[in-house]
Number of protein chains: 2
Amino acid sequence: MQEIKKRKTTGQITLFDVARYAGVGTMTVSRALRTPDRVSDKLRQKIQIAVDALGYKPNVAASLLASASANRVIAVITPKIYDHCAQLWLNSLQTHLAKEGYTTLLIESYHYYKLESQMLDALYSHNLEAILLFQVEDESFIKQILQSKIVPILNIGKDYDGLTNMNVGIDDSLAMYMLTEHVIKKGYQHIGLLCANQEYQIFQQRLHGWHKAMLAYHLPTHRVINAAKPANFSTGSELLPDMLLNWPELDALICTTDELACGVLYECQRRHIRVPYQLAVTGFGDNEFSQVSFPALTTVALPYKEIGEYSASLLLDNLKNKKVTHETDLSALAPVVRLRASV
Amino acid sequence: MQEIKKRKTTGQITLFDVARYAGVGTMTVSRALRTPDRVSDKLRQKIQIAVDALGYKPNVAASLLASASANRVIAVITPKIYDHCAQLWLNSLQTHLAKEGYTTLLIESYHYYKLESQMLDALYSHNLEAILLFQVEDESFIKQILQSKIVPILNIGKDYDGLTNMNVGIDDSLAMYMLTEHVIKKGYQHIGLLCANQEYQIFQQRLHGWHKAMLAYHLPTHRVINAAKPANFSTGSELLPDMLLNWPELDALICTTDELACGVLYECQRRHIRVPYQLAVTGFGDNEFSQVSFPALTTVALPYKEIGEYSASLLLDNLKNKKVTHETDLSALAPVVRLRASV
DNA sequence: TAGAAATGTGATAGCGCTATCAAACTTGAT
DNA sequence: ATCAAGTTTGATAGCGCTATCACATTTCTA
């Protein structure tokens, strides 16, 4: 039996207290809690009683330090949690990771502008097993994370030249190409693009997809408003007049988000513009309201749910040290155009 | 000088390595990093060079264990992060806490249904300083958290009989009362209520507020649809026909969320019902789209931004061990009715 | 210039836990 | 009954860090 000495302590109930109460060694208590099958039934029961009686809570910092084991915690960094895409993806990801016992720590990087290193320090203090970046565009920030490369990093979005350990690409450009192609094939000739949030690469990609499709079908690409405003409902309402003023011949308007498109639809109603007869309108993203709106919004859906699932499995495989080259049928991750009443 | 011995280590660069490289004691390195002003400039520079050269990253588990200090991390538990209210509140809260160097750990409790204790274990492993509950309704879950009462707990929402250490109430009932009163004063007589998500207390409170206002003005309270469906756009569109069928005399419809109301507006357009001339419609929450919609939605705004700010200051005061009874002008937290074109 | 006070630095002893290994106790085959 | 092999248990020695105190050094006061 281990020496029973008086220690000055933080007041917390420790393994030692439990061991003394149960009349066993600390190691046996530790085992009873971590690997119960390596302890006899009799002692295990005794120990359980002691744990309950004393209200013992393990000190995970000590456990981590002693075992140098990881924490089953992954961090997700994304600029804007409330984005519809982020919602779908996160929801799917978290569900899958929670099943495997992982806790997800969400960080909205927006709040840590100029506080990045502080935030990272706090992050690393959690003994993370991995970091996921979702549509993080700040390359210097990514590099800063990678510098202190102590855990695997999975990036969702544009691949920064293989900087990250793993990358799951999302092809916004392709999605917009497909959508534009559908509109073109419907016979529209004077197709404009309404792009907000132009400062973000992801919107540049959407613009690029439109541009490419227009060129491919020999259509003019000058009818573009590219604004540095939030891509929300009011911006849509606000910018429609400019579009109509500049290009009265417009017969279709492609918006880079469903919110913009929805704002445009409202403005059309205010101005008695009949959609799609006078003007066809599309969004991007297949948000919840796009199939309920009046008229229902033609849009393109990116498979964020599947991407979330794929991200989770890729990450879990990597953490389990299986092959990192996880071959999956990526066709399941292709964008889907939803043609509705507004085109 | 401290004995330089060979240790078996996890391979990580330790304080000891930095100390040896810089030719100082470990304690000096520790101080140079934690309390730089207690170390001479000369040694501090030397140590900084050693830290950079070796790429030293502190092991926070060890630091926590040795100092028994807290982590500047608070956890927020909420059933649904993507809720508009949660967004506003969280955004405001996080901004204020980030300024004070706190990192916010977001947990969507939905993902941990039946995994609560596992999730809590993971949570506690972070040496949290506090836990915030936002509109958590599962009382047994709250009790479970409180059982292991190791950190202050701040609850936002209904007060569970003083179970939590601190409580910031949000009066949904009052907000709905105010809204209903406005509608009544506009002269509407046949006022119905469309309530979804009836299983949640927060929606019961809204229903209650409507009921109370109707009684106060001697108006009938039977025109209610109380559905166990998600309070979203499509439910609004879907349930409007039932309302109209049951009560053709309806001249105003109050919806328990803006999403429901927006769905109702769309359905009105499909059915050529002129709002507000044939039917007035209101929402609840003042979501972004409610002022852009056509017609713009009359609704009531709860001051989640202010509540977030108040929560942050209350929590910070508590953590700093100032007076916990933080008196604030709570009138700033009162709901605000926004009368718009739809009523 | 001596002595007191303030400041800077390092050796030590844990924080609460687990890896490790040796000791004690089973079990089963001879 | 005996020994080999398996199983269960506990004492020990750290994990990497910081609180603490003692000692060394500097600065200030009389």
Using OP1 and OP2 only, check whether a side-chain N or O of S40(A) sits under 4.0 Å from dT8(D). no

What is the distance from CG of L65(A) to C1' of dC15(C), rounded to the nearest Å? 9 Å

I need the CG-C1' distance between L43(B) and dG8(C), as an integer number of Å. 8 Å

Between R34(A) and dT18(C), is there a contact of a side-chain N or O with OP1 or OP2 at under 4.0 Å? yes

Answer yes or no: does a side-chain N or O of T28(B) lie under 4.0 Å from OP1 or OP2 of dG10(C)? yes

Atom-pair distance (CG on D17(B); P on dG16(D)), nearest Å: 9 Å

Which of these nucleotides, dG16(D), dT18(C), dT9(D), is closest to any side-chain atom of A66(B)? dG16(D)

Within the 3.5 Å criterion, strictly below it, is a donor on Q48(B) or D52(B) matched to an acceptor on the partner's side chain? yes

Starting from P on dC21(D), measure out to CE on M27(B) and report it in whole angstrom. 13 Å

Tell me whether the OP1 or OP2 atom of dG16(C) has a side-chain N or O from T26(A) closer than 4.0 Å. no

D41(B) or A62(B), whichever maps to the more 5' nucleotide of DNA chain C: D41(B)

Kindly write out the residues that satisfy salt bridge (Lys or Arg N to Asp or Glu O under 4.0 Å) with D41(A), not counting sequence neighbours, or none if the list is empty. R44(A)

Can you measure L64(A) atom CG to dG14(D) atom C1' for me and round it to whole angstrom units? 16 Å

Starting from C1' on dG16(D), measure out to CG on N59(B) and report it in whole angstrom. 6 Å

Go through dG16(D), dG10(D), dT18(D) for me and flag the one nearest to the V24(A) side chain. dG10(D)

Take the angle between the ring planes of F134(A) and Y304(A) and call it parallel below 30°, perpendicular above 60°, tilted in between. perpendicular

Could you tell me if the side chain of Q94(A) sits less than 4.5 Å from the side chain of L106(A), heavy atoms only? yes

Does OP1 or OP2 of dT18(C) have a side-chain N or O of S30(A) closer than 4.0 Å? yes

Between dG10(D) (P) and R38(A) (CZ): distance, integer Å: 16 Å

Rounding to an integer number of Å, can you tell me how far R31(B) CZ sits from dT18(D) C1'? 9 Å

How about OH on Y82(A), more than 12 heavy atoms from neighbouring residues, nucleotides or ligands closer than 6.0 Å, or not? yes

